[in-house]
Amino acid sequence: MTLYLYTKDSPGKSVCEGACLVAWPPLIGKPTVGAGVDDSKLGSFIRSDGRTQATYNGWPVYYYKTDAKPGDVTGQNVGGVWFVLDRDGGAVKK
């Protein structure tokens with residue numbers, strides 16, 4: 001499934017809480033990586049609720065609730081603050 005970053009977050013810190021997490025569930029635990037992904041950029045941190053959220057290039061990563069199948073990107077540019085995560089760990093803003 002597509003992973004997103006939230007530009008209001010900062011590396012290793014999530015500000016997405018409460019209702020935000022309903023729409024944007026965090027990736028919990030360490031993910032498996034696909035081709036072209038730099039395993040050294042994977043990380044994690046402990047959320048305020050005690051769960052371990054995955055990071056890529058320091059950014060907390062999330063799914064979007066309306067993405068139904070792999071390759072869906074319905075969360076791209078939502079609110080001008082949610083973006084697909086690129087293979088380098090940055091936001092795809094195209």
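Counting from 1, the numbers follow the sequence of the chain as shown.
In this structure, OG in S14 is found 12.5 Å from CD1 in I46, a value given to the nearest 0.5 Å. Remark: N57 CG to D86 CG distance equals 8.5 Å, nearest 0.5 Å.
The neighbour count for R47 CZ, taken as heavy atoms of other residues, nucleotides or ligands under 6.0 Å away, is above 12.
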Notebook entry, point to check: side-chain contact (heavy atoms from CB on, under 4.5 Å) between Y64 and T2: does it pass, once the steps are laid out?
Noted result: CA-CA 8 Å; Y64 188 47; T2 302; over 6 Å; no

Notebook entry, point to check: Can you check side-chain contact (heavy atoms from CB on, under 4.5 Å) on L5 and Y62, steps first, answer last?
Noted result: CA-CA 6 Å; L5 66 80; Y62 306 84; 5.9 Å; no

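Under the 6.0 Å cut-off for aromatic ring centres, Y63 and W24 do not qualify, their centroids lying 6.0 Å or more apart. Ring centroid separation for the pair Y6 and W59 does not come in under the 6.0 Å cut-off.
Looking at E17 and S48, their side chains do bring a donor and an acceptor atom within 3.5 Å of each other. At a cut-off of 3.5 Å, with distance as the only test, no side-chain donor of Y56 or D88 sits close to an acceptor on the other residue. Of the N and O atoms on the side chains of Y4 and D67, at least one donor lies less than 3.5 Å from an acceptor on the other residue. A donor-acceptor contact closer than 3.5 angstrom links the side chains of T66 and T74.
Under a hydrophobic-cluster definition in which Ile, Leu, Val, Met, Phe, Trp and Tyr are linked whenever side-chain heavy atoms come within less than 4.5 Å, directly or via other members, V81 and V61 are assigned to different clusters. L21 and V15 end up in the same hydrophobic cluster when Ile, Leu, Val, Met, Phe, Trp and Tyr side chains are linked at under 4.5 Å. In terms of hydrophobic clustering, with Ile, Leu, Val, Met, Phe, Trp and Tyr side chains grouped at heavy-atom distances under 4.5 Å, W82 and V92 are assigned to a common cluster. One hydrophobic cluster, built from ILVMFWY side chains closer than 4.5 Å, holds both L42 and L3. One hydrophobic cluster holds both V73 and V78 under the rule that ILVMFWY side chains link at heavy-atom gaps under 4.5 Å.
Residues A54 and G29 come closest through the heavy atom pair CB-O, 3.1 Å. Taking all atoms of both residues into account, the shortest heavy-atom contact from D72 to A68 is OD2-N, 2.8 Å. Considering all non-hydrogen atoms of both residues, G12 and P60 come closest at N-CD, 4.2 Å.
In terms of modelled atom types and a separation under 3.5 Å, the side chain of S44 and the main chain of Q53 share no donor-acceptor contact. Using modelled atom types, one side-chain atom of Q76 and one backbone atom of V84 make a donor-acceptor pair closer than 3.5 Å.
For K13 and F45, the positive end is not near the middle of the six-membered ring at less than 6.0 Å and at most 45° from its axis.
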